[in-house]
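Here the structure comes first, spelled out in structure tokens, and everything after it is commentary.
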There are 2 protein chains.
Amino acid sequence: MRPPKQLSVNAPMAKTDHIPAPAVKRLSLYLRQLETFHAADRKTVSSRELGAVLSLSDAQVRKDFAYFGQFGHPGIGYRVLELIQRVRRILGTDKTSNVLLVGVGNLGRALLAYRGFSQRGFDVVAVFDADAKKIGQKIAGPSRLVVQSLEELPGVVSDSKVRTGILAVPATAAQGVADIMVAAGIRGILNFAPTVLRIEAGVSVSSVDLAVHLEQLSFQVGPSDPQTL
Amino acid sequence: MRPPKQLSVNAPMAKTDHIPAPAVKRLSLYLRQLETFHAADRKTVSSRELGAVLSLSDAQVRKDFAYFGQFGHPGIGYRVLELIQRVRRILGTDKTSNVLLVGVGNLGRALLAYRGFSQRGFDVVAVFDADAKKIGQKIAGPSRLVVQSLEELPGVVSDSKVRTGILAVPATAAQGVADIMVAAGIRGILNFAPTVLRIEAGVSVSSVDLAVHLEQLSFQVGPSDPQTL
DNA sequence: TTTTGTGAATTGCTTCACAGCA
DNA sequence: TGCTGTGAAGCAATTCACAAAA
């Protein structure tokens, strides 16, 4: 299955045969764990170790990386720092990218205060809200962001080359704001509103529904009232 | 090297042969959509319609429900209200359940203000933080909650029959707090800290890593700088 | 040795297609 | 007719197992 495809100075992401979505999801988890290993000064790690921490088989780990090229060193394992850099490149987070946020309610403010985004290469460069009372408000913290009107969104997208937007508005407003984002040129939306967005093909949507996660737990934990039908 | 296989789900319904995890996930999405249909006064819905909204095949929808029993009516479809009730029972959200939250930072406050939880049958009955300065603070809103010390957590768990906890603390504190939760009898943890929790079998964990979702989008959208190595 | 990378085998999930019922 | 429920088929993802490399 592998033609003599040496990847040295070539092949940025050449082999996009077809990558399972679950593998891409795990890539983020590997990256996070690799960064933990790096912080602990580990130089190399084997597929077995990395898998054990994440409750995955060693074969799973190796196959996931193999979708993207040759990353490991037989007899040694994977070099932590090298693998971090290559995974970041695959995910497109090796360079910081600009994102915008719409919806400065409780959730929006929490997301703005969340340090994890900038640590992982995402920089919130503009904030919008539909509520006229919020426009002009300064966001607490070092960001110096000021809440802008939605009307200014298209201009910001083209000026700042923003490709990704975070949607933290009520469910009833989500579709309308999403339409504005897409029309302005946004190519990916991280949606926190508990509703289905209808979006044209070519634009990616990732939805996070907090209640859904609690329901999944509820199912796994089982009914508190074990009999009953 | 096999990942641990826990989960001894005690069968609430007769036919708990083995249910695919993706099917359970979709159940939450079906429920949300059914509630939307109900709000629009729809009395029945076919697998085709329900699937179309969620971008799923009709067969997928029927098979998912079939894992749990006979829900539909040939020639009619599914009765919306009846299906809502049965899905809620399956997920264990037909009766409100008590949950607790640890970590009253930005994210924790946003989660406390999120109405979605109570709408879906979850009631946050207690809030904890490790920071002595926060203990005793009242939480804004109608809940009348007061931030408590972690030392009081075990008592609250047994008194209020809390089985689920939301973890909204920094990554460095997450494992320690999780251990306290588990020791106190918590059976399910919704974890917002970007770290892997090591938890004994029999306790479920669902992790939400906000940065991971952005990374997935980043991969799907592709590099902003398409050439380059 | 240890450990990767990968074809082959296996497991699991989704779709197909149709019997049966309203 | 319209639609569900379900075995069978098809496809996708995971695990197995081993050659090759250090």
Side-chain angles (χ1 to χ4, degrees), chain A residues 1-7 11 14-27 29-30 34 37 42-80 82-83 86-87 90, chain B residues 1-5 7 9 13-27 29-30 34 37 42-80 82-83 86-87 90:
Chain A
M1 225 262 217
R2 188 172 68 82
K5 185 159 284 195
Q6 275 295 346
L7 57 99
K15 209 165 81 175
T16 314
D17 209 27
H18 179 251
I19 294 150
V24 181
K25 213 172 210 167
R26 286 189 296 266
L27 226 48
L29 302 179
Y30 296 141
L34 288 166
F37 280 129
R42 282 290 303 271
K43 303 303 183 195
T44 66
V45 67
S46 68
S47 56
R48 175 187 290 263
E49 286 173 291
L50 186 51
V53 175
L54 296 166
S55 302
L56 300 169
S57 71
D58 55 335
Q60 179 84 82
V61 174
R62 291 198 299 278
K63 187 138 282 209
D64 284 343
F65 289 135
Y67 286 120
F68 302 95
Q70 314 254 72
F71 292 73
H73 304 274
I76 304 289
Y78 298 86
R79 297 199 215 283
V80 173
E82 176 195 0
L83 191 50
R86 299 188 69 170
V87 173
I90 293 166
Chain B
M1 203 8 136
R2 167 155 302 182
K5 186 167 151 204
L7 204 76
V9 176
M13 305 263 177
K15 193 151 138 206
T16 314
D17 212 25
H18 178 249
I19 293 150
V24 181
K25 213 173 210 167
R26 287 190 295 266
L27 225 48
L29 302 179
Y30 295 142
L34 287 165
F37 279 129
R42 284 288 305 271
K43 303 302 183 194
T44 66
V45 67
S46 68
S47 56
R48 173 186 293 263
E49 286 173 291
L50 185 52
V53 176
L54 297 167
S55 303
L56 301 168
S57 72
D58 55 334
Q60 179 84 83
V61 174
R62 292 199 297 278
K63 186 136 286 205
D64 284 344
F65 290 135
Y67 285 120
F68 302 96
Q70 314 252 80
F71 292 73
H73 305 273
I76 304 289
Y78 298 86
R79 297 198 214 284
V80 173
E82 176 194 0
L83 191 51
R86 299 188 69 171
V87 173
I90 292 165

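The structure presented is a predicted model; accordingly, all values stated were derived computationally and were not measured. Residue numbers start from 1 in every chain, and the chains themselves are labelled A, B, ... in the order their sequence lines are given, proteins ahead of strands. Just the heavy atoms: all of them, side chains too, but no hydrogens, waters or symmetry mates, feed the values below.
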Between [atom2] on [N] and [atom1] on [X], what's the gap in Å once rounded to a whole number?
X	N	atom1	atom2	result
A:Glu49	C:dT3	CD	P	8 Å
B:Phe71	D:dT6	CZ	C1'	15 Å
B:Gln70	D:dG5	CD	P	6 Å
A:Lys25	D:dA12	NZ	P	18 Å
B:Phe68	D:dT4	CZ	P	18 Å

Please produce a list of atom pairs where a protein N or O lies less than 3.5 Å from an N or O of nucleotides 12-16 of chain C.
from   : atom 1 : to      : atom 2 : distance (Å)
C:dT14 : OP1    : B:Arg26 : NH1    : 2.9
C:dT14 : OP2    : B:Arg26 : NH2    : 2.9
C:dT14 : OP2    : B:Gln60 : NE2    : 3.4
C:dT14 : O5'    : B:Gln60 : OE1    : 3.4
C:dT15 : OP2    : B:Ser57 : OG     : 3.0
C:dT15 : OP2    : B:Gln60 : OE1    : 3.4
C:dT15 : O4     : B:Lys63 : NZ     : 3.4

Might you point out which heavy atoms bring B:Val24 and B:Ile19 nearest each other, and give the distance in Å?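 Closest approach of B:Val24 to B:Ile19: CG2-CG2, 3.7 Å.
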Go nucleotide by nucleotide along DNA chain C from the 5' end; which of B:Ile76 and A:Phe65 gets its closest nucleotide reached first?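 Nearest nucleotide further toward 5': that of A:Phe65.
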Would you give the length of the straight line joining atom OH of B:Tyr67 to atom NE2 of B:His18, rounded to the nearest 0.5 angstrom?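 These two atoms lie 9.5 Å from each other.
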Rounded to the nearest 0.5 Å, what's the gap from CG on B:Leu83 to CG on B:Leu34? Could you check?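 Nearest 0.5 Å value for the CG-CG distance: 5.0 Å.
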Phosphate-side-chain proximity, A:Tyr78 and C:dG5, N/O vs OP1/OP2 below 4.0 Å: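 So the side-chain polar atoms of A:Tyr78 do come within 4.0 Å of the phosphate oxygens OP1 or OP2 of C:dG5, strictly under.
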Test item: B:Gln60 side-chain N/O and B:Ser57 main-chain N/O as donor-acceptor pair under 3.5 Å: no
In this structure, which one of B:Phe37, B:Tyr78, B:Phe65 forms a ring pair (Phe, Tyr, Trp, His ring centres under 6.0 Å) with B:Tyr30? B:Phe65
Between B:Arg86 and B:Phe68, is NZ or CZ placed under 6.0 angstrom from the six-membered ring centre and within 45° of the ring axis? no
